[in-house]
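Here the structure is a predicted model, which is why all the values come from computation and not from measurement.
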Amino acid sequence: MSCQPVSPLSHHVAPIIGYHHAPLSQKFGAPRQPNLVALTSVIEMIEPYDTPAAVVGLEEFSHIWISWQFHHNYLHKDKQANKADSSFRAQVRPPRLGGNQKIGVFASRSMYRPSALGLSVVKLERIEIIEGRVLLIISGADMIDGTPIIDIKPYMPYSDALPEAKSGFAPSAPALLSVTVTEPAYEQFLQLMVGQSANTDKQNHNEKQKSHEEKTDSKKEKTTVTAVIDTVKKQLLLSDFDAIKALIAQDPRPAYRRKEANTSFIMRYKSVDVSFQMLVLDELQITAVVEV
């Protein structure tokens, strides 16, 4: 009796277990690696993976691994698998090498890869169970808003952290640029933040009036999944300005445009567009903050 060879699978289908909600809705401005900027974001687990039983014990870990999908990758979005394969790029130009030198795609963390999958280790700030559903509050993610989550695993320092490892063409974190802010830009941010706060207070007041007859305070102050996500995605806080400066200090501009002085670039953060430009080499300035 002879054994017939088994044909290897050419593709693997993985379920989406949740979605990432974050202040950044566009690729421009997103950190190129995890933990470069301590942005707070939320992973919303979806049915049937949103059961609290699935995360029992996870709260004992400070960091987690996240497998996720590059959902804004045009090579894979709305295309069949065989068409994506036909667009395979064997080499890419990492921004870290100035965008000029080519290396193999598997020697990089480029988003343009066959699987369109990313892998990040992030800090698990806390786990919240709201309305019977699981929300993971994290920080340090390099994912944008709406990113599909494929898997979550605990980070193990004794096996995952390797101090003696070599880092090839990226031996250390990239140098940060100096970021200054014009006075009008900061005033614009403060006015928008105060305006949002006033609108939120008004909405809360209206909701309290509607529930005036309710005797249970917990019902009046009930936190919803939507409220948590909206805070992360839309509501401006004073701490957000430090986050904006930290993101711009990473220099999100394309490598081939990093010598352009007095050219305006726009980064969308939550509900505002932040304009910035290079004044002199290695110094960027925030010039305007406008509501989207």
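- Residues that satisfy the ring-ring contact (aromatic ring centres under 6.0 Å, His included) test with Y269, not counting sequence neighbours, are absent from this structure.
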**Report entry** L190 and L238: CA distance, side-chain angles, deciding distance, side chain to side chain contact (heavy atoms under 4.5 Å, CB included) verdict
**Finding:** CA-CA 8 Å; L190 292 179; L238 190 58; 3.9 Å; yes
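- Cluster membership check: Y256 does not share its hydrophobic cluster with Y112, using side-chain heavy-atom separations under 4.5 Å among Ile, Leu, Val, Met, Phe, Trp and Tyr.
- With rounding to the nearest 0.5 angstrom, the CD atom of Q26 is 10.0 Å from the CE atom of M267.
- Two different hydrophobic clusters hold V194 and L236 under the rule that ILVMFWY side chains link at heavy-atom gaps under 4.5 Å.
- By the 4.5 Å side-chain criterion applied to Ile, Leu, Val, Met, Phe, Trp and Tyr, L135 is assigned to a cluster that also includes V42, I130, I137, V225, V228, I229, V232.
- Once rounded to the nearest 0.5 Å, the distance linking CG of L124 with CD1 of I64 reads 5.0 Å.
- A continuous path of Ile, Leu, Val, Met, Phe, Trp and Tyr side chains, each step under 4.5 Å between heavy atoms, connects L177 with F28, placing both in one hydrophobic cluster.
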Query - Evaluation steps, side chain to side chain contact (heavy atoms under 4.5 Å, CB included), between N262 and Q277 - result: CA-CA 6 Å; N262 301 315; Q277 63 182 11; 4.1 Å; yes
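- The residue from I43, I149, I46 that alone fulfils the side chain to side chain contact (heavy atoms under 4.5 Å, CB included) condition with Y19 is I46.
- Remark: R109 CZ is loosely packed, at most 12 non-hydrogen atoms of other residues, nucleotides or ligands lying under 6.0 Å away.
- Linking ILVMFWY residues whenever their side-chain heavy atoms come closer than 4.5 Å, directly or via other members, leaves I138 and L24 in distinct clusters.
- In this structure, T224 contributes its side chain and A227 its backbone to a donor-acceptor pair below 3.5 Å.
- A donor-acceptor distance shorter than 3.5 angstrom exists from the side chain of R258 to the backbone of D251, with no hydrogens or angles considered.
- Atom CD1 of I103 and atom CZ of R96 lie 11.5 Å apart (nearest 0.5 Å).
- The other residues sharing a hydrophobic cluster with W65 are L119, V121, Y155, where clustering joins ILVMFWY side chains under 4.5 Å apart.
- In this structure, NZ in K245 is found 12.0 Å from CG in L284, a value given to the nearest 0.5 Å.
- One distance of note links NZ of K27 with NE2 of H71; it measures 9.5 Å at 0.5 Å rounding.
- A donor-acceptor pair is defined here as one N or O able to donate and one able to accept, closer than 3.5 Å; such a pair exists between the side chain of D240 and the backbone of L237.
- With K270 contributing its side chain and Q235 its backbone, the two residues share a donor-acceptor pair below 3.5 Å.
- Between the side chain of E59 and the backbone N or O of G57 there is at least one donor-acceptor pair closer than 3.5 Å.
- Q33 is not listed as a side-chain neighbour of N35, based on a closest heavy-atom distance of 4.5 Å or more.
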Report task. Evaluate the side chain to side chain contact (heavy atoms under 4.5 Å, CB included) criterion for residues F189 and V274: first the C-alpha distance (whole Å), next the side-chain angles of each, then the deciding distance (0.1 Å), finally the verdict. Result -> CA-CA 9 Å; F189 175 84; V274 181; over 6 Å; no
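- Clustering ILVMFWY residues whenever any of their side-chain heavy atoms sit less than 4.5 angstrom apart, transitively, puts F70 in the very cluster that holds I17.
- The CD atom of Q91 sits 10.0 Å away from the OG atom of S108 when rounded to the nearest 0.5 Å.
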Query - Derivation of the side chain to side chain contact (heavy atoms under 4.5 Å, CB included) call for M278 and F265 - result: CA-CA 9 Å; M278 184 177 77; F265 294 84; over 6 Å; no
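- With S41 as the fixed residue, the side chain to side chain donor-acceptor pair (under 3.5 Å) test singles out one of K233, H21, E125, H20: H20.
- Of all non-hydrogen atoms in Q250 and P174, the two that sit nearest each other are OE1-CG, 4.3 Å.
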